[in-house]
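Position 1 is the first residue of the sequence, and the numbers go up from there.
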Amino acid sequence: METGRKPRVIKKRVTRDLPPPEVNETEPVPREAFTGKKSHNFKEFVQKRIEEQNRISLKERTHDFINETSFTAITRIVKANTIFKKILWLILVLAMMAWLAIQCYWLLEKYFNYPVEVKIEIKSASKLDFPSVTVCNRNPLKRSKLTASVFSKLSETFDLKTDATLYNGAMDRLRKHSDPQHSHGNMTMLAQEHGFSMWDGLENATVANSFYQTASSEIVAAAAYATRALLEDDGDIEEYGHQKTDMITSCVFSGYQCSPANFTYLHNSKYGNCYTFNSVKDPNPALYTYYAGPLMGLTLEFNIQQSEYISALAPDAGIRVSIHERGTYPFPEDDGFTVAPGSATSVALKQVSIGRLEPNHGNCSLNPSAVDDYMTRYDFPYHKTTCLKSCYQQKLMQYCNCACPNFLVPQNYTSMCDFTNETTGMCTIQAVEKWEECDGQCPSTCQEKKYKTVVTSSAWPSQAYQSYLESRMKITSNEFMDGGPGNSMDDNLVKLEIYFAEMTYENIEAQKAYESQNLISDIGGQLGLWLGLSAITFGEIVEFAMSVFRLCTAKFLTKKHRTEDLTPVISLRNGRS
């Protein structure tokens with residue numbers, strides 16, 4: 001017997017029958033289809049699965065969809081056990097669908113009307129943008145410059161004369177009802193006894209016709225000045241009006257001194273020389289206010305030089321003031337106010353910031369379809385007011401072949417409208433009716449700042465301050481050195497204070513009231529309320545539609561394939577026969 005040898009172990013091969021691969025719904029292609037020894041196993045399996053799917057009829061697919069879908073309305077109709085219930089459910093579902101369609105129509109109509117809501121709130125600020133302040137002497141042309149100026153031929157137009165048309169008509173009427181032997185002195189006594197009114201002269205048709213066709217002498221003088229000034233360059237016209245160095249006698253901003261050098265020149269068709277403080281044309285940086293109250297605002301004193309006034313051009317005395325956003329063109333004749341001499345006027349400001357929406361919810365834009373002449377000539381940023389005035393002028397030039405001197409006139413255009421002419425007057429009325437078109441051609445800016453004003457005034461100077469003011473004015477200008485009657489401080493001096501009432505501003509912002517997400521949410525709510533639908537239901541419907549499309553496509557391709565396979569067999573049989 002041998003020792004040290006291990007016993008030999010004989011291994012037996014055990015064969016087992018492996019079960020066939022299982023195919024379930026979640027994994028239609030088993031792993032064995034890819035690991036089999038035969039390469040065509042996968043193709044055969046896929047082909048088998050396609051054939052099984054194709055054998056499912058449309059009716060079976062529809063039945064499965066109705067039983068599994070979350071669209072319960074259809075399920076209720078199909079599963080109703082009586083005809084009466086089926087009809088009742090069908091009518092109910094159709095009624096709900098009709099009402100749903102109406103609700104969706106209203107929601108879409110609301111959405112495409114692009115509704116807007118306005119949000120207004122008061123906000124505080126650590127600093128506020130100080131506006132531009134444009135000041136103009138109420139008198140556009142100095143009397144001492146009239147004779148030697150380009151306006152010399154208009155001296156008679158600027159010299160007002162009393163119109164006695166109504167007076168003569170009224171006296172003639174009174175004379176007819178009195179003793180013809182009365183003298184002029186007796187007529188005056190008779191007028192005092194029986195009462196006299198110049199409007200009695202309108203009872204005479206001839207006098208009335210002449211009166212109503214007579215233009216106001218002040219309007220004629222203002223139009224004559226504006227028309228003549230248009231023929232000259234703005235820089236050349238400045239020397240004939242009140243100069244800023246003569247008009248501005250004191251300037252203080254935020255407690256620090258300023259001077260006429262801080263004002264930029266701009267010619268106005270009505271007031272002549274105008275000067276703007278904190279203008280965008282000023283090379284100095286924009287100004288801000290950090291504190292409220294008059295001590296931290298702008299304080300100005302003016303000498304209006306009433307001795308230089310022309311009666312037809314300046315029936316009232318004072319300084320015309322316009323407060324506007326920095327970078328915008330001023331229109332003191334439209335939105336300004338007048339500060340009278342002999343008084344101190346305080347202007348408390350409240351800033352209003354306006355935000356508008358672009359189309360379709362709004363119409364704000366910086367690209368007008370009309371030509372803005374103010375932008376082109378003066379290089380100012382776009383503003384709706386300047387665009388409108390330019391558009392108005394274009395309408396007058398288009399329909400009446402003349403321009404209004406109160407608007408900006410294109411250079412080298414000399415035909416001015418004579419509004420006293422009946423034909424021109426009728427034409428301008430028709431042209432004004434076309435001005436409505438300008439509103440659509442001149443959109444509002446998307447961001448804009450406006451300034452609300454509260455204006456108060458008081459007597460100035462006070463008795464305690466008068467002696468100091470007199471001594472100071474004597475070293476300001478030679479006009480007050482002699483103290484003549486024509487240089488009375490009460491008739492010539494004006495004080496103006498402009499400041500923020502508080503360090504807050506009003507923010508007015510237009511917002512979209514109904515956006516796309518609101519529309520989707522509302523339509524989804526209506527679908528869920530009336531039909532019980534959800535986003536999952538739409539996925540089920542899409543899946544069902546795709547399966548129907550795949551079934552129809554497969555049947556069509558199978559039929560076509562069989563037709564192509566039978567063609568050679570038929571041809572072969574025909575050839576043998």
Check: [Y] main-chain N/O paired with [X] side-chain donor or acceptor under 3.5 Å:
X	Y	value
Thr227	Ala223	yes
Gln447	Thr445	no
Glu448	Ile354	no
Lys142	His242	no
Ser365	Asn367	yes
Ser149	Leu146	yes
Asn492	Asn303	no
Ser210	Val207	no
Arg138	Ala314	no
Gln351	Tyr451	no

Salt bridge flag under 4.0 Å for residues [X] and [Y]:
X	Y	value
Asp373	Lys389	no
Lys119	Glu117	no
Arg320	Glu333	no

To the nearest 0.5 Å, tell me how far [X] [atom1] sits from [Y] [atom2].
X	Y	atom1	atom2	result
Leu469	Lys474	CG	NZ	11.0 Å
Thr428	Glu433	OG1	CD	10.5 Å
Thr424	Asn401	OG1	CG	10.0 Å
Asp439	Leu388	CG	CG	6.5 Å
Cys402	Met397	SG	CE	9.5 Å
Asn268	Ile237	CG	CD1	12.5 Å

Checklist entry - Given the rule in the salt bridge (charged side-chain N to carboxylate O under 4.0 Å, His left out) test, do Lys123 and Glu121 qualify, once you have shown the distances and angles that lead to the verdict? => result CA-CA 6 Å; Lys123 295 184 177 181; Glu121 57 182 343; 3.5 Å; yes
Checklist entry - Centre of Phe380's six-membered ring, under 6.0 Å away, within 45 degrees of the axis: is that where NZ or CZ of Lys281 sits? => result yes
Item to check | Gln305 and Asp246: CA distance, side-chain angles, deciding distance, side-chain contact (heavy atoms from CB on, under 4.5 Å) verdict | outcome: CA-CA 9 Å; Gln305 301 175 308; Asp246 298 331; 3.7 Å; yes
Using a 4.5 Å cut-off on heavy atoms from C-beta on, say whether the side chain of [Y] contacts that of [X].
X	Y	result
Lys127	Thr289	no
Tyr291	Tyr499	no
Thr299	Leu496	no
Arg472	Glu301	yes
Thr276	Tyr265	no
Leu107	Leu519	yes
Ser124	Met503	no
Asn139	Ile310	yes

Is the [X]-[Y] ring centre distance short of 6.0 angstrom?
X	Y	value
Phe331	Tyr329	yes
Phe253	Phe277	yes
Tyr114	Tyr514	no

So with a 6.0 Å cut-off around [atom1] of [X], is the heavy-atom count from everything else above 12?
X	atom1	answer
Glu358	CD	no
Gln398	CD	yes
Gln411	CD	no
Met426	CE	no
Gln463	CD	no

Does a donor on one side chain sit under 3.5 Å from an acceptor on the other, for [X] and [Y]?
X	Y	answer
Ser322	Asp335	yes
Asn278	Ser132	no
Ser144	Glu308	yes
Tyr309	Asn137	yes
Tyr374	Asp379	no

Item to check | For Ile508, all residues meeting side-chain contact (heavy atoms from CB on, under 4.5 Å), sequence neighbours excluded | outcome: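 With sequence neighbours excluded, Ile508 shows a side-chain contact (heavy atoms from CB on, under 4.5 Å) to Val118, Ile120, Val352, Glu506, given in chain and number order.
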Checklist entry - Could you go step by step and tell me if Cys136 and Tyr275 meet the side-chain contact (heavy atoms from CB on, under 4.5 Å) rule? => result CA-CA 7 Å; Cys136 317; Tyr275 300 96; over 6 Å; no
Checklist entry - Should the ring pair Trp460 and Tyr465 be called parallel, tilted or perpendicular, given that the plane angle runs from 0 to 90° and is split at 30 and 60? => result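 Because their plane-to-plane angle lies in the 30° to 60° range, the rings of Trp460 and Tyr465 count as tilted.
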Next on the checklist: Using 30° and 60° as the class boundaries, would you call the ring planes of Tyr225 and Phe158 parallel, tilted or perpendicular?
Outcome noted: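 The rings of Tyr225 and Phe158 sit tilted, inter-plane angle from 30° to 60°.
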Locate the shortest heavy-atom distance separating [X] from [Y]; write the atom from each residue and the value.
X	Y	answer
Leu202	Ala208	O-CB, 3.6 Å
Trp199	Leu166	CZ3-CD1, 3.6 Å
Lys395	Ala431	O-CB, 4.2 Å
Cys274	Thr134	CB-CG2, 3.9 Å

If you measure SG to SG, does [X] sit under 2.5 Å from [Y]?
X	Y	result
Cys442	Cys391	no
Cys404	Cys417	no
Cys400	Cys427	yes

Next on the checklist: Assess the residue pair Tyr290 and Ser126 against the criterion (side-chain contact (heavy atoms from CB on, under 4.5 Å)); give the C-alpha distance rounded to whole Å, side-chain angles, the decisive distance to 0.1 Å, and a yes or no.
Outcome noted: CA-CA 6 Å; Tyr290 297 90; Ser126 59; 6.0 Å; no
Item to check | Trace of the salt bridge (charged side-chain N to carboxylate O under 4.0 Å, His left out) decision for Glu502 with Lys350 | outcome: CA-CA 7 Å; Glu502 54 187 7; Lys350 181 80 173 191; 2.5 Å; yes
Checklist entry - Given the rule in the salt bridge (charged side-chain N to carboxylate O under 4.0 Å, His left out) test, do Arg377 and Asp372 qualify, once you have shown the distances and angles that lead to the verdict? => result CA-CA 9 Å; Arg377 182 178 301 185; Asp372 192 341; over 6 Å; no
